[in-house]
Participant: 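Below you will find the structure I want to go over with you.
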There are 2 protein chains.
Amino acid sequence: MTYSIKEVSEKTGLSIYTLRFYDKQGLLPFVARNSSGYRAFTDGDLSLIHTINCLKNTGMKIKTIRQYIDYVMQGPATIKQREAMLLAHRKTVEAQQRKIAENLQEIDYKLNVYQSPDAVATVTKEQQFVQQEKLANQLPNPYAQTILSK
Amino acid sequence: MTYSIKEVSEKTGLSIYTLRFYDKQGLLPFVARNSSGYRAFTDGDLSLIHTINCLKNTGMKIKTIRQYIDYVMQGPATIKQREAMLLAHRKTVEAQQRKIAENLQEIDYKLNVYQSPDAVATVTKEQQFVQQEKLANQLPNPYAQTILSK
DNA sequence: GCTTGCCCTAGAGTGATGTCTAGGGTTTAG
DNA sequence: CTAAACCCTAGACATCACTCTAGGGCAAGC
């Protein structure tokens, strides 16, 4: 049993264009063709495409994914190299996660300000501070309206 | 006290090019100019650039960040809108985090296979499965070497 | 045998986010 | 007063990852 590109598109959520693009980029050297030149995807192919998707979704570049796939196509001899690649990638993904978590905290801090009952007062105070700062350096007031009553 | 674009570049890690690009995109309407037309950044500006960076690093598009900054420049009247924007963004960031965590688990699963003492056996078995599958559908063997000894 | 709905390739186009270049002005130390 | 090290703009160029178009082939139902 094999799948057409349309079926694979529906199963994976990748557009037909994207699948062909990946093939052109050398990400799908394992996908065979039938007698009419149509791509014939097997279940094993789907599993590899799933792996490709994982790497892509965690920010790995297509060139790097191709390197990984090339190793896979060379068989068990390249297990060490694959391990090294995934370990390196794992580190960048973890760093990415930490960064996102940090930034999310800052966003939450902002949200807390906006959701507090004193939001208007806090924001007004910030704005006044900025205006004083600009004034002190003889720079124009960047805000639409001036709120300067100390 | 104000900062030059180079100082801000060093403080934020954003390149001078990027800072100017952001300005062109309307992200820095609050940055004033001195008598020579040079940008003069204040501490308040740095704080807003920090916020912009948080939003950017969590995947918010420049257009959307500009909308947020536009609200900020309109003063306390737009607090509700800012809150709504950050809440919506917060949801997408959380979804993003979940997706990354999922994908990382799959990568870890692969890593476990590669790091196991039976790695060669496991990988060889996978490869044999794929080859059987291709054979069963009269498709060519995608691997460099054939390992078909049942 | 003709229409419909697939499939193919090559290559052009798009959108987001920078990055750099050319050409020119400013500031400061010697 | 000049060299070095900044600053500016406009706009070209680059990169990545698609997305689409043109032109054409194949397969199944009426």
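First the proteins, then the strands, lettered A, B, ... as listed; each starts at 1.
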Participant: With the sugar-phosphate defined as primed atoms, P, OP1 and OP2, and the base as all remaining atoms, what B/S/- string results for nucleotides 2-16 of chain D, 5' to 3', for protein heavy atoms under 4.0 Å?
Facilitator: ----BSBB-B-----
Participant: Round to the nearest Å and state the distance from B/L27 atom CG to C/dG18 atom C1'.
Facilitator: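 Going from CG in B/L27 over to C1' in C/dG18 covers 13 Å.
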Participant: Before accepting this row, confirm whether a basic side-chain N of the pair A/R33/A/D23 lies closer than 4.0 Å to the acidic partner's carboxylate O.
Facilitator: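 Salt bridge flag = yes for A/D23 with A/R33.
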Participant: A/N57 has an atom CG; how far is it from atom P of D/dC18, in whole Å?
Facilitator: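 For the pair A/N57 CG and D/dC18 P, the rounded distance is 9 Å.
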Participant: Just so I know, are the side chains of A/Q127 and A/Q131 near enough to count as touching, which here means a heavy-atom distance under 4.5 Å?
Facilitator: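 A side-chain contact exists here, since the closest heavy-atom pair is under 4.5 Å.
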Participant: Report the distance from atom CZ of A/F21 to atom P of C/dG13, rounded to the nearest whole Å.
Facilitator: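 Rounding to the nearest Å, CZ of A/F21 and P of C/dG13 are 17 Å apart.
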Participant: What is the minimum heavy-atom distance between A/Q96 and A/T58, and which atoms define it?
Facilitator: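 That would be OE1-O, 3.2 Å.
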Participant: Calculate the interatomic distance between B/M60 atom CE and C/dT17 atom C1'; express it in whole Å.
Facilitator: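 Distance check: B/M60 CE to C/dT17 C1' gives 16 Å.
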Participant: Quick one: is C/dT19 close enough that its OP1 or OP2 comes under 4.0 Å of any side-chain N or O from B/S15?
Facilitator: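 So the side chain of B/S15 is within the cut-off, an N or O lying under 4.0 Å from OP1 or OP2 of C/dT19.
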Participant: Do you know the tightest heavy-atom contact between A/G26 and A/R66?
Facilitator: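 Where A/G26 meets A/R66 most closely, the heavy atoms are O-CG, 3.6 Å.
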Participant: Looking only at side-chain N and O atoms, does A/Y17 come under 4.0 Å of OP1 or OP2 in D/dA17?
Facilitator: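 For D/dA17, OP1/OP2 do not have a side-chain N/O of A/Y17 under 4.0 Å.
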Participant: Rounded to whole angstrom units, what separation is found between the CD atom of A/Q25 and the P atom of C/dG11?
Facilitator: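 The answer, rounded to whole Å, is 14 Å.
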Participant: Taking atom P of C/dC20 as reference, at what distance in whole Å does atom CG of B/L19 sit?
Facilitator: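 Rounding to the nearest Å, CG of B/L19 and P of C/dC20 are 14 Å apart.
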Participant: Under the rule for side-chain hydrogen bond (donor to acceptor under 3.5 Å, both in side chains), what residues qualify as partners of B/E94, not counting sequence neighbours?
Facilitator: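 With neighbours one apart ignored, the set is B/R90.
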Participant: Once you round it to whole Å, what is the distance between P of C/dG18 and CG of B/L28?
Facilitator: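 So the two atoms are 12 Å apart, to the nearest Å.
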Participant: Does a side-chain N-to-carboxylate-O contact under 4.0 Å join B/D118 and B/K125?
Facilitator: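 No, B/D118 and B/K125 are not salt-bridged.
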